[in-house]
2 protein chains.
Amino acid sequence: MATSCTQQQQEQMMEQFVTACRDAGLKVTHQRTEIYRQLINQPDHPTAETLHKRLLATLPTISLDTVYRTLTTLEDNGLVSRIQTAESQARFEAVYAAHHHLICSRCKRVVDFQWPVVDTLEPPADVADWGQIDSKTIVMYGVCNTCSNR
Amino acid sequence: MATSCTQQQQEQMMEQFVTACRDAGLKVTHQRTEIYRQLINQPDHPTAETLHKRLLATLPTISLDTVYRTLTTLEDNGLVSRIQTAESQARFEAVYAAHHHLICSRCKRVVDFQWPVVDTLEPPADVADWGQIDSKTIVMYGVCNTCSNR
DNA sequence: TTGACTGCAAACGATTTGCAATTGC
DNA sequence: GCAATTGCAAATCGTTTGCAGTCAA
């Protein structure tokens, strides 16, 4: 599931990221590339705070506000998505293939999974009557095996 | 969809609520019953603040902290659920039949819908390997017709 | 060069908490 | 009567913002 990708894939994603920034009129700053790189390097849906701590290793002067500001900017441009959980802190991930989320009620870890059948399923008529759908995500809450075996 | 129920159904839900509180060892206070009544009376997924404003009509001295505290207590006891949206404020609803959520990115309104096919569908093997699932909700973001026709 | 971006510090808004008074059981 | 619950006020926590300096284009 939420495995990180190969070196090659990463570099490709970074190139696409730079292009996407340019296309969106966003400056390609050191902070932005490192934030995005970190998100694809360790795709475990970190909070802004966790991400900031990790980034300090590479960018010792980066501020938490910049992390927040950058994540918001990238989200506005569809490069990052914000995951709503039952926690107080938001979690973030680089946008890529359609997927869904498993959230452990104990350790709060978020794990991705695919469910192609549902992705292609036609939503009920009620939904079509309501308006236009932009995204569709399944969120399952439960207890992961690591937590329950303890 | 998110229509309120009949007078009879409401009274029945209130009775069940009182029983559930007693079973859980929770005192049946005026504030708690009014909060729950309000949630089933106007099931439009209010924020704690909205709920508090509405409650002031009936309980002029109820405090916002009590609303927060009660919602958390009821959530812990499975009587209320907290809906995560992209907003800063959480939204709440009385727990009842399985349903899913449509959220309008513009007006932020949350609408319930049913999708029985998905409810009965067997999740992929990855999910079973992960752990035990307690809840499964689909969240769709989009723009409702009211907002797009403006 | 110039406007976008950053870091700093201070502000903000939603939610939580300690405490004394109150209330349900 | 006693423990749980409330209202009040103050604290907390995640996140946002104003500003002056910095940096990518």
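So that the names make sense, note that chain A is the first sequence line, chain B the second, and so on, each numbered from 1. Small disclaimer: the values here were computed from a predicted structure and weren't measured.
Rounded to a whole Å, the CZ atom of A:Phe92 is 13 Å from the P atom of D:dG14. The separation between B:Ile35 atom CD1 and D:dT5 atom P is 12 Å, rounded to whole Å. Look at CD1 on A:Ile62: it is 9 Å from C1' on C:dT6, rounded to the nearest Å. Atom CD in A:Gln89 sits about 12 Å away from atom P in D:dT16, given to the nearest Å. Spacing between atom NE2 of A:His52 and atom C1' of D:dT15 amounts to 14 Å, rounded to whole angstrom units. Look at CG on A:Leu59: it is 12 Å from P on C:dC8, rounded to the nearest Å. In this structure, B:Glu34 places its CD atom 13 Å from P of C:dG24, rounding to the nearest Å. Atom CZ of B:Arg69 is separated from atom P of D:dT5 by 11 Å (rounded to the nearest Å).
A donor-acceptor pair under 3.5 Å links the side-chain atoms of A:Gln9 to the main chain of A:Thr6, judged by distance alone.
Distances shown here put a side-chain N or O of B:Thr29 below 4.0 Å from the OP1 or OP2 atom of D:dT6. The shortest distance between the side-chain N/O atoms of B:Ser63 and the OP1/OP2 oxygens of D:dC8 is not below 4.0 Å.
One side chain, B:His99 or B:Glu93, offers a donor N or O that lies under 3.5 Å from an acceptor on the other. For B:Glu75 and B:Asn77, the side-chain atoms include no donor-acceptor pair closer than 3.5 Å. Judged by distance alone, the side chains of A:Asp112 and A:Tyr96 do bring a donor and an acceptor atom under 3.5 Å apart.
Ion pairing between B:Lys108 and B:Glu87 fails under the 4.0 Å rule for side-chain N and carboxylate O.
When the nucleotides D:dT6, C:dC5, D:dG18 are ranked by their closest atom to the side chain of B:Gln31, D:dT6 comes out on top. Proximity note for B:Asp65 (side chain, C-beta onward) versus C:dT15, D:dG7, C:dC25: the nearest is D:dG7. Which of C:dA14, D:dA25, D:dT15 sits closest to the side chain of B:Tyr68 comes down to C:dA14.
Within 4.0 Å of B:Arg32, counting heavy atoms only, lie sugar-phosphate atoms of the nucleic acid but no base atom. Contact annotation for B:Arg22: backbone-only contact, meaning every heavy-atom pair under 4.0 Å involves sugar-phosphate atoms and none involves a base. Across all strands, A:Thr61 comes closer than 4.0 Å only to sugar-phosphate atoms, never to a base (heavy-atom distances).
The residue among B:Arg91 and B:His30 whose nearest nucleotide of DNA chain C lies closer to the 5′ end is B:Arg91. Map B:Glu49 and B:Leu26 each onto its nearest nucleotide of DNA chain C; the residue landing nearer the 5' end is B:Glu49.
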